[in-house]
Amino acid sequence: MSSFNPEQLANPGVRQLRPYQAGKPITELERELGIKNIVKLASNENPLGISQKVKAALAEELNDLARYPDANGFYLKEKIAKKQGVEMNQITLGNGSNDVLELIARTFVNDSHEVIFSQHAFVVYPIVTQAIGATAVAVPAKQYGHDLDAMLAAISDKTRLIFIANPNNPTGTFLSAEALHDFLKQVPDNVLVVLDEAYTEFVPVAERSPSFAWVTEFPNLLVCRTFAKAYGLAGLRAGYTVSDARIADLLNRVRQPFNMNSLSLRAAEVALDDDEYLQQSVAINQAGMQQLVNFCEQRGLSYIPSYGNFLTIEVGDDAEQLYQELLQQGVIVRPVTGYQLPRHLRVSIGLPAENQAFIDAMVKLGR
Ligand SMILES: *Cc1c(COP(=O)(O)O)cnc(C)c1O
């Protein structure tokens, strides 16, 4: 048995892979420090907590948990279709949008292909690319955001997929509808474009792209959305993609039939109609963003202007150390060294008191 080496049995891409670094859980820091009242601003979660309407619906759903979920998610698809003006057969549901991102890659990409994304892009893109054994093409960023011209120039005969997050995480940068539309017109239709709009609800309505309508114009476009951020369902795992119905049909062949569980299906249905909660989420985010921006300006800290529910702040060469010192103060933020931003920390927008706890800890640490 001593010669047994599972590393050699793994797919080549997997051997080089480093696992996704999630935000540190509150319970973990509690265990380590033996303290309570920890503030977590590390995973772009909704600081309002779950909506009361969703909570009530979940309580009812508990009674049916001995049954398998609806493998086709009929009622949720029906709701999404109505709300977003798309057909039900264009929708693919996922156990979080991460699940959908991976599903898209597994359905269409193999080890002979190249996958394009931007420097500082969401780390799930390189992970899924590498796990498949495809070649990642990371295009240098332009002022922290996507350089669409450079991404177009990076397309080769081998390119099968392009990932674009708009707004982008962890930079919060945003591409205008005009710029994106212009880009889509130039991408050949044998290259799929995944437009990941995880933070779109935080973008002013007038500035958002008509992305679902674009799916008709560009059949190679897939638009991804999540319930984890503005809808406050990060712990339940719920997301979806809208695409050409023929693409959805292909995704459905690979998809695990019960990838969304009964609770997340029901919660997402109710959340989609809970306009009051959504408006509150957006309002609390706006106020908190202003609070953090004001702090940065007062203290002379640079930050990347953000369209999301987080602010990425340039703190200097000792970002990793500051992260650790903030932990000692009971404040969890997110180091972004893995995103080639070693001088920055990403701070999710919390409730006013949580943002203040971060500010107070920063001041205490002389920042
Ligand atoms: C948070 C986030 C998601 C959502 O992930 P879920 O799996 O739905 O929780 C997707 N894309 C980006 C860029 C994100 O930051």
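Side chains are part of it too, since the values below use all heavy atoms of this structure and drop only hydrogens, waters and symmetry mates. Just so you know, these numbers come straight off a predicted model, no measurement behind them.
Within the model, atoms OG1 of T241 and CG of L195 stand 9.0 Å from one another, a figure rounded to the nearest 0.5 Å. Here N44 contributes atom CG and S348 contributes atom OG; the two are 3.5 Å apart, rounded to the nearest 0.5 Å. To the nearest 0.5 Å, atom CG of residue N72 and atom CG of residue L93 are 9.0 Å apart. With rounding to the nearest 0.5 angstrom, the CD atom of Q119 is 7.5 Å from the CG atom of L341. Rounded to the nearest 0.5 Å, atoms OG1 (T129) and CG (D111) are 12.5 Å apart. To the nearest 0.5 angstrom, N220 atom CG is 6.0 Å from D189 atom CG.
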Could you give the side-chain donor-acceptor pairs of residues 226-236 under 3.5 Å, partners two or more places apart or in another chain?
{"from": "T226", "atom 1": "OG1", "to": "A228", "atom 2": "N", "distance (Å)": "2.9"}
{"from": "T226", "atom 1": "OG1", "to": "A238", "atom 2": "O", "distance (Å)": "3.4"}
{"from": "K229", "atom 1": "NZ", "to": "Y199", "atom 2": "OH", "distance (Å)": "3.1"}

Side-chain polar contacts of residues 152-165 - donor-acceptor pairs under 3.5 angstrom, sequence neighbours left out - could you list them?
{"from": "S156", "atom 1": "OG", "to": "E114", "atom 2": "OE1", "distance (Å)": "2.9"}
{"from": "S156", "atom 1": "OG", "to": "K158", "atom 2": "N", "distance (Å)": "3.0"}
{"from": "T159", "atom 1": "OG1", "to": "S156", "atom 2": "N", "distance (Å)": "2.8"}
{"from": "T159", "atom 1": "OG1", "to": "S156", "atom 2": "O", "distance (Å)": "3.3"}
{"from": "R160", "atom 1": "NH1", "to": "F108", "atom 2": "O", "distance (Å)": "3.1"}
{"from": "R160", "atom 1": "NH2", "to": "H113", "atom 2": "NE2", "distance (Å)": "3.4"}

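For the residue pair L101 and C224, the shortest heavy atom distance occurs at CD2-SG, 3.9 Å. Closest heavy-atom contact between G94 and V100: CA-CG2, 3.5 Å. The minimum heavy-atom distance linking L58 with A267 is given by the pair CD2-CB, 4.0 Å. Taking each heavy atom of L180 and S209 in turn, the nearest pair found is CD1-OG, 3.7 Å. Taking both residues in full, the closest heavy atoms of S243 and V215 are given as C-CG1, 3.4 Å, listed atom of the first, atom of the second, then distance. T173 approaches Q143 most closely through the heavy-atom pair CG2-O, 4.0 Å.
Side chain of R15 to main chain of A10: a donor-acceptor pair is present (N/O by atom type, distance under 3.5 Å, no hydrogens or angles). In this structure, the side chain of Q130 engages the main chain of G13 through a donor-acceptor pair within 3.5 Å. Looking only at distances, a side-chain donor or acceptor of N166 sits under 3.5 Å from a matching main-chain atom of L175. The backbone N or O of F174 lies less than 3.5 Å from no partner atom in the side chain of N168, so there is not a single donor-acceptor pair. When atom types are taken as modelled, the side chain of N261 and the backbone of S264 share a donor-acceptor pair closer than 3.5 angstrom.
Under the ring-ring contact (aromatic ring centres under 6.0 Å, His included) criterion, Y303 pairs with no residue, sequence neighbours left out. Among residues two or more places apart in sequence or in another chain, the salt bridge (charged side-chain N to carboxylate O under 4.0 Å, His left out) test is passed with D275 by K83. With sequence neighbours excluded, no residue forms a salt bridge (charged side-chain N to carboxylate O under 4.0 Å, His left out) with R31. For the ring-ring contact (aromatic ring centres under 6.0 Å, His included) test, residues two or more places apart in sequence or in another chain that qualify with Y68 are F258.
Sorted by first then second residue, the side-chain hydrogen bond (donor to acceptor under 3.5 Å, both in side chains) pairs that include residues 328-338, not counting sequence neighbours, are Y20-R334, Q329-K364. Residue pairs meeting the salt bridge (charged side-chain N to carboxylate O under 4.0 Å, His left out) criterion with at least one partner in residues 201-220, sequence neighbours excluded, are absent. Within the structure, side-chain hydrogen bond (donor to acceptor under 3.5 Å, both in side chains) pairs that include any residue of residues 89-103 comprise D99-N259 (at least two apart or interchain). Annotation: salt bridge (charged side-chain N to carboxylate O under 4.0 Å, His left out) contacts involving residues 309-324, sequence neighbours excluded, comprise E314-R343, D317-R343, D318-R367.
Applying the under-4.5 Å side-chain rule to Ile, Leu, Val, Met, Phe, Trp and Tyr, the cluster around V205 consists of that residue alone. Y75 forms part of a hydrophobic cluster together with F74, M88, judged by ILVMFWY side-chain heavy-atom separations under 4.5 Å.
For R246, the CZ atom counts as loosely surrounded, since its 6.0 Å shell holds 12 or fewer non-hydrogen atoms of other residues, nucleotides or ligands. Within a 6.0 Å radius of CD in E276, no more than 12 heavy atoms belonging to other residues, nucleotides or ligands are found. Residue-environment remark: CD (Q256) stays at or below the threshold of 12 foreign heavy atoms within 6.0 Å. A 6.0 Å sphere centred on CG of N63 holds more than 12 heavy atoms belonging to other residues, nucleotides or ligands. When the shell of 6.0 Å around CD of Q21 is examined, it contains 12 or fewer heavy atoms from other residues, nucleotides or ligands.
A cation-pi arrangement is not found for R225 relative to Y240, the charged atom failing to lie both closer than 6.0 Å to the ring centre and inside a 45° cone about the ring normal.
Tracing side-chain contacts under 4.5 Å through hydrophobic residues (I, L, V, M, F, W, Y), one reaches F122 starting from I127; they form part of the same cluster.
In this structure, the side chains of Y277 and V282 stay at 4.5 Å or more apart for every pair of heavy atoms.
K40 pairs with exactly one of I332, V333, L29 by the side chain to side chain contact (heavy atoms under 4.5 Å, CB included) rule, that one being I332.
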Problem set entry | Working for side chain to side chain donor-acceptor pair (under 3.5 Å), residues Q290 and N294 | CA-CA 6 Å; Q290 197 56 54; N294 289 347; 3.0 Å; yes

For this session: Before giving the answer on side-chain contact (heavy atoms from CB on, under 4.5 Å), spell out for C296 and L311 the whole-Å C-alpha distance, their side-chain angles and the decisive distance to 0.1 Å.
Result: CA-CA 10 Å; C296 290; L311 188 65; 4.1 Å; yes

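Using cut-offs of 30° and 60° on the angle between ring planes, the pair Y144 and H344 is perpendicular.
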